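Just so it is clear, the model here is predicted, and its values are computed rather than measured.
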Amino acid sequence: MRPDHGRKTMKRKKILMLWPLFIALFSLSGCAGLGMSAAPKPYEVTPKGTVIYKEEFEFRVPPLGWNLFWPEGDDEGEFAFGFMKRDPGPFPSQSVFAYDEEPFGFSKKFEEREKEFFKRFLWNAILDFQILERRKVQVLGGEGWEVTAEGKDPVKKEKAKSKIIFGKRGERVVAFYITQWRPMDGDYDPSAFDTFDKFITSFKYVKKSFYETL
Amino acid sequence: MEGHQRNLYLYERFNARVLGVSVDDAATLKYWAKSLDLTFPLLSNLTGFLGASFGVEPSLEIRGYPVFSRKTVIIDKKGTIRYVRDGTPQYKDILLFLKKLNQEGR
């Protein structure tokens, strides 16, 4: 017997009647993935040698060979952009890094966000990720969380090494991540990770985010 | 839907609650909610009657199964439909609208 059950039900009904209700009608089969667009958007070069991208993000552009990319459209309000380059060697030798305003997951605590993130990170590649290192770092002027992981696909004989750095923009978690793809017997190129680190060090916000002004 | 979960603290700040409605069955939704750690309610509306009341109609069929378009509806606390948008949720637009409703006391 739960004598307070009726009272709890009444309370819930009252809450539902008092608060605005927001209904999202959806179909599981209607979830679309992100495509990539090759056409660059304009950005402004500063006298310091940095660029201001979309009037919001300032950073030092990576060396020649790294090409800008961003997800097509503004699907579900997500925003990310990054750079990629084709590396010497057989397929899938390439390096990709990105800044992501809405990394997978929702928690504001880095450790929780990491777990949620890895549920979907590179999900379509079906890699078996092993965490190599976790550590606290300083990023975006505050505390951050760095995770290094390696994923392997023994069927396709491919592997990927990723470094993800979670930081905060206002109260929301944002992320930088790099993934370097190699054939299973290939060697990783640490210079791409250095480029990634320099990009993050140079990265700053030119204005407040939408959420900070809400 | 993960975007809604990410914005739950803001919906709460604007005195709003979110419900997901789908024609998928309860077992599928339960599994899906668990996989994404969703904490807001998802309603299984197998016959589609709830969606139909908000103008959601099957848009096409894949292998004999109807596919329903996505729609976002915001109802104020008096029960008046204040916002209807087709397609993927535009989270920033939704948040701005909820902020306005909250400021108006609706």
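- Note that CD of A/E116 and CD of B/E2 are 7.5 Å apart. Values are rounded to the nearest 0.5 Å.
- Residue B/T80 does not touch chain A at all, counting heavy-atom pairs closer than 4.5 Å.
- Under a cut-off of 6.0 angstrom, the local environment of NZ in A/K168 is crowded, with over 12 non-hydrogen atoms contributed by other residues, nucleotides or ligands.
- The number of heavy-atom neighbours closer than 6.0 Å to CD of A/E55, taken from other residues, nucleotides and ligands shown, is 12 or below.
- Using a 4.5 Å cut-off between heavy atoms, B/L36 touches chain A through backbone and side chain atoms alike.
- In this structure, A/K108 places its NZ atom where more than 12 heavy-atom neighbours from other residues, nucleotides or ligands lie under 6.0 Å away.
- Counting heavy atoms of neighbouring residues, nucleotides and ligands inside a 6.0 Å radius, atom CD1 of A/I126 does not exceed 12 of them.
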**Item:** Steps toward side chain to side chain contact (heavy atoms under 4.5 Å, CB included) verdict (B/Y9, A/E171)
**Value:** CA-CA 11 Å; B/Y9 73 101; A/E171 57 187 338; 3.3 Å; yes
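- Residue pairs meeting the ring-ring contact (aromatic ring centres under 6.0 Å, His included) criterion with at least one partner in residues 150-169 of chain A, sequence neighbours excluded, are A/F117-A/F166.
- Only the side chain of B/R13 has a heavy atom closer than 4.5 Å to any heavy atom of chain A.
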**Request:** May I have the step-by-step check of side chain to side chain contact (heavy atoms under 4.5 Å, CB included) for B/R6 and A/R172, ending in yes or no?
**Result:** CA-CA 9 Å; B/R6 204 174 287 145; A/R172 291 170 82 90; 3.7 Å; yes
**Request:** Could you go through the side chain to side chain contact (heavy atoms under 4.5 Å, CB included) check for A/K119 and B/D37 one step at a time?
**Result:** CA-CA 10 Å; A/K119 281 186 179 180; B/D37 298 312; 2.8 Å; yes
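- For A/D153, the salt bridge (Lys or Arg N to Asp or Glu O under 4.0 Å) test picks out no residue, with sequence neighbours left out.
- Here the side chains of B/L8 and A/F106 are not in contact, with every heavy-atom distance at 4.5 Å or above.
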